[in-house]
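We number each residue from 1, following the sequence as shown.
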Amino acid sequence: MGFVDLHVHSCRSDGTMTPHELVDYALEKGLSALALTDHDTIDGLDEIMEYAKDKPIEIIPGIEYSTEYNQRDVHIVGLFIDYKAPVFLEYLARFKQSRTDRNYKLCANLQNAGIDITYEALMEAYPNAVITRAHYAGFLLDHGYVKSRNEAFERYLGDHTPYFVHREKITPEEVIEVTRKAGGIPILAHPTLYKLGREQLDILVGRLTEAGLMGMECYYSTYTPAETRQMKALAEQYHLLPSGGSDFHGDAKPGLDLGVGYGRLYVPDEILVNLKKTLHTKMLLTDLDGTLLDTKKSVSEKSRNALIKMLSKGNHLVLASGRSYDSILDVLALLDLPEKDLAGSVYMAAYNGALLYDCTKQAVIAQYTVPIPAAQAIFDMALQRGIHIQTYTDTHIVSCAEDEELVYYRTAIHSPYKVGTVLAQELTHAPCKLLAIELYDRSRLEAFRSEFEASAFARDITCEFSCARYLEFYNRHAGKGNALRHLCNAVHVHIKNTVAAGDEENDISMLRAAAVGVCMANGTPSVKVQADYVTDHDNDHDGIMEVIERFDLK
């Protein structure tokens with residue numbers, strides 16, 4: 001088994017080796033892969049990629065961002081970035097300007113302390129480098145102002161010295177977002193170095209995971225065996241991909257060697273294999289009624305086999321519907337997918353994305369509810385207009401009446417029901433959604449929607465049609481588009497690898513959020529206008545199979 005180093009610096013930032021020297025040294029050390037992750041710069045990437053292209057080593061394009069979290073430096077490593085993507089280059093230009101501005105201010109502070117230093121002198125001393133505090137330390141040492149690099153940080157350069165200058169506040173969340181937009185994998189670098197303590201580190205990792213963090217350095221040069229175990233456990237807790245590297249800087253960090261750190265570091269190449277899988281995994285989000293299901297509420301054997309083939313390749317399937325949790329489980333049972341030999345996973349986005357659930361692991365990923373007082377207000381508004389309204393417990397429909405609308409709804413949705421209009425008595429917790437039904441006159445639902453959207457509750461609750469007869473109400477953080485984004489973060493799929501298929505108004509946000517939005521041939525005109533592709537075949541003629549084959553999900 002080979003080993004890799006996914007955190008390495010060159011002289012293009014604050015290391016001492018050139019990019020091509022790093023390649024030669026990595027080959028000498030027996031590394032199978034190397035990630036160049038210079039601080040806030042990509043200046044060495046073209047050189048290292050060109051030099052290594054015919055050599056038996058894989059080079060991963062990367063970067064290490066310096067960000068601020070609660071007045072501390074927190075570093076994010078971006079791996080596999082498309083470093084020529086316009087969105088990335090635009091952001092990097094801002095990043096570099098922020099660093100330059102801080103360097104001028106730091107030089108001015110040191111000049112006030114009696115040190116003869118200018119930013120231009122630093123640039124002359126360290127040509128082609130991104131100037132960091134390590135360069136200041138070297139300059140102060142070379143010019144006799146300090147006797148060691150440690151003294152330079154203790155007296156002049158440390159976060160708590162009177163001369164230190166915080167750069168423009170660039171948050172970890174910002175660089176996580178730009179890394180993902182550039183097709184990369186954002187990794188939290190060396191978490192133990194931030195000295196946060198277990199509770200605060202847990203808060204940081206949870207916050208960044210919510211923002212789209214995909215991995216964490218579980219292997220690092222300074223970790224003790226206990227710290228390595230702790231980082232692995234934390235990564236597992238938040239479903240983050242393990243990464244690791246030496247943080248090699250050449251002679252700038254004496255005793256710290258490429259690949260092995262201080263002698264006990266070992267990052268197996270399976271770590272890289274698992275990271276790369278993330279780059280290629282695709283996700284299909286499909287609506288149910290009118291999309292995956294035909295008019296008989298079934299799935300043909302041809303479409304079922306296409307789904308199985310897609311999952312067997314390691315791609316994921318998301319059943320995204322306004323239906324309730326138990327009703328989507330009924331559809332999953334109908335699909336009768338094999339429990340073994342499927343490399344991909346099945347998820348649900350129930351209640352229009354208000355409940356995200358891992359069907360493979362049988363675990364809730366996230367849930368967004370409507371507060372009971374707001375739900376009661378919607379019930380009351382519907383009842384005043386004589387419109388059928390219902391909501392859901394974990395197991396039952398809670399209907400305002402045992403009426404024609406309920407009978408119609410249960411022809412397709414076979415969940416048990418109970419009747420009640422005082423939700424505080426009928427519900428044990430806030431519901432995921434509410435549904436108003438009008439079988440004959442859509443204009444009555446349109447008028448109800450207008451009334452609701454003029455109310456104070458509309459700030460926090462989305463209201464939209466899932467078909468001509470159904471008007472849905474759910475938390476504004478839900479919705480199928482948000483469900484796609486939340487799931488991509490949670491299961492480490494790039495949005496660029498997503499395809500979403502639907503046919504009704506409540507599918508539009510999902511089609512917009514996906515890399516490719518598909519409307520079925522039987523979809524409504526408003527959805528077709530929003531779609532990137534409209535199928536030739538409708539839901540009664542294997543339209544979903546067309547989607548799988550057309551967009552190479554098989």
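- Between the CZ atom of R102 and the CZ atom of F164 there is a distance of 5.0 Å, given to the nearest 0.5 Å.
- Y126 and D14 share no donor-acceptor pair across their side chains, judged by distance under 3.5 Å alone.
- In this structure a side-chain-to-backbone donor-acceptor pair under 3.5 Å is missing from E174 to I170.
- Side chains of Q237 and D202: a donor on one and an acceptor on the other come within 3.5 Å.
- The backbone N or O of A363 sits nowhere less than 3.5 Å from a side-chain atom of D358 that would complete a donor-acceptor pair.
- Among the candidates D43, D38, T18, the single residue satisfying the side chain to side chain donor-acceptor pair (under 3.5 Å) test with S10 is D38.
- Checked by atom type, the side-chain pair Y533/E546 shows a donor-acceptor distance below 3.5 Å.
- Within the 4.5 Å cutoff, the side chain of L122 has no heavy atoms near those of the N103 side chain.
- Side chain of H190 to backbone of G245: no donor-acceptor contact under 3.5 angstrom is found.
- Annotation: Y156 is not in aromatic contact with Y136 [ring centroid separation under 6.0 Å not met].
- Using a 4.5 Å cut-off on side-chain heavy atoms (C-beta onward), N315 and L284 make no contact.
- Between atom OG of residue S303 and atom CG of residue D542 there is a gap of 3.5 Å, rounded to the nearest 0.5 Å.
- Once rounded to the nearest 0.5 Å, the distance linking CD1 of I81 with OG1 of T179 reads 7.0 Å.
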Quick one: do V74 and L188 satisfy side-chain contact (heavy atoms from CB on, under 4.5 Å)? Show the steps, please. CA-CA 8 Å; V74 167; L188 179 60; 3.8 Å; yes

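- A salt bridge does not link K313 with D552: none of the charged nitrogens is closer than 4.0 Å to a carboxylate oxygen.
- Electrostatic pairing of D507 and K480 counts as a salt bridge here, judged by a charged N lying under 4.0 Å from a carboxylate O.
- Without hydrogens or angle criteria, Y266 side chain to Y219 main chain gives no donor-acceptor distance under 3.5 Å.
- Between the side chain of R180 and the backbone N or O of G212, at least one donor-acceptor pair lies under 3.5 Å.
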Please test H39 against H75 for ring pair (Phe, Tyr, Trp, His ring centres under 6.0 Å), starting from the C-alpha separation and ending with a verdict. CA-CA 9 Å; H39 289 286; H75 291 188; 5.7 Å; yes

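- Residues L511 and G502 come closest through the heavy atom pair CD1-N, 3.9 Å.
- A distance-only check finds no donor-acceptor pair linking the side chain of E90 to the backbone of V87 [under 3.5 Å].
- Relative ring orientation between F88 and Y65 is described as perpendicular, the plane-to-plane angle rising above 60° on a 0-90° scale split at 30° and 60°.
- Looking at heavy atoms from C-beta onward, L319 lies in side-chain contact with L317 at the 4.5 angstrom threshold.
- The side-chain heavy atoms of I48 and H20, taken from C-beta on, include no pair separated by under 4.5 Å.
- Counting only distance, with no hydrogens or angles, the side chain of R149 and the backbone of L141 share no donor-acceptor pair below 3.5 Å.
- Crowding of K496 atom NZ: a count of heavy atoms from other residues, nucleotides or ligands under 6.0 Å exceeding 12.
- Here the closest non-hydrogen pair linking D287 and S321 is OD1-CA, 4.3 Å.
- Taking the side chain as every heavy atom from C-beta outward, V267 and D5 never approach each other to under 4.5 Å.
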For E210 and R207: C-alpha separation, side-chain torsions, deciding distance, then whether salt bridge (charged side-chain N to carboxylate O under 4.0 Å, His left out) applies. CA-CA 5 Å; E210 181 70 19; R207 169 177 157 174; over 6 Å; no

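- Across A211 and N489, no two heavy atoms sit closer than the pair C-ND2, 4.0 Å.
- For D257 and Y25, the side-chain atoms include at least one donor-acceptor pair closer than 3.5 Å.
- You'll find the side chain of I495 reaches within 4.5 Å of the side chain of T498, heavy atoms only.
- Salt bridge absent: K232 and E236 never bring a charged side-chain N and a carboxylate O closer than 4.0 Å.
- Within the 4.5 Å cutoff, side-chain heavy atoms of L275 are placed close to those of L6.
- Residues F153 and A137 come closest through the heavy atom pair CE1-CB, 3.7 Å.
- Between H7 and H9, a ring centre-to-centre spacing shorter than 6.0 Å is recorded.
- R12 and D46 are not joined by a salt bridge, as no carboxylate oxygen comes within less than 4.0 angstrom of a charged side-chain nitrogen.
- Side chain to side chain, Y223 and Q230 fail the donor-acceptor criterion of an N or O pair below 3.5 Å.
- Ring centers of H486 and H477: at least 6.0 Å apart, outside the cut-off.
- Atom NZ of K29 has more than 12 neighbouring heavy atoms from other residues, nucleotides or ligands inside a 6.0 Å radius.
- Residues Q71 and E68 approach most closely at CA-OE2, 3.5 Å, considering heavy atoms.
- Side chain to side chain, D73 and S66 fail the donor-acceptor criterion of an N or O pair below 3.5 Å.
- Counted by atom type alone, S221 and D247 present zero donor-acceptor pairs between their side chains at under 3.5 Å.
- Remark: side-chain polar atoms of S98 are not paired, donor with acceptor, to backbone N or O of R94 under 3.5 angstrom.
- Considering all non-hydrogen atoms of both residues, P61 and L45 come closest at CA-CD2, 3.9 Å.
- Proximity of a side-chain donor or acceptor of T16 to a complementary backbone N or O of D251 within less than 3.5 Å is detected.
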Just do the side-chain contact (heavy atoms from CB on, under 4.5 Å) check on L208 and Y69 with the steps written out, would you? CA-CA 11 Å; L208 298 188; Y69 169 80; 5.9 Å; no

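- Side-chain contact of D101 with Q97: a donor-acceptor pair under 3.5 Å is present, judged by distance alone.
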Mind running side-chain contact (heavy atoms from CB on, under 4.5 Å) on Y262 and T222 for me, showing each step along the way? CA-CA 7 Å; Y262 290 109; T222 64; 4.0 Å; yes

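- With values rounded to the nearest 0.5 angstrom, I544 atom CD1 is found 15.5 Å from R304 atom CZ.
- From L484, atom CG reaches atom OG of S509 across 9.0 Å, with rounding to the nearest 0.5 Å.
- Ionic pairing of E58 and K276 is present here: one or more N-O contacts between side-chain nitrogen and carboxylate oxygen are shorter than 4.0 angstrom.
- Atom NZ of K253 sits in a crowded spot, with more than 12 heavy atoms from other residues, nucleotides or ligands closer than 6.0 Å.
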Could you walk me through whether M231 and L201 pass the side-chain contact (heavy atoms from CB on, under 4.5 Å) test, one step at a time? CA-CA 10 Å; M231 294 305 102; L201 180 57; 3.9 Å; yes

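- No more than 12 heavy atoms of other residues, nucleotides or ligands lie within 6.0 Å of NZ in K361, so this atom counts as exposed by the packing criterion.
- The line from CG of L279 to CZ of F80 is 5.5 Å long, rounded to the nearest 0.5 Å.
- Side-chain N or O atoms of S345 include none that pairs as donor or acceptor with a backbone N or O of H316 at under 3.5 Å.
- Between T286 and V547, every side-chain heavy-atom pair lies at or beyond the 4.5 Å cut-off.
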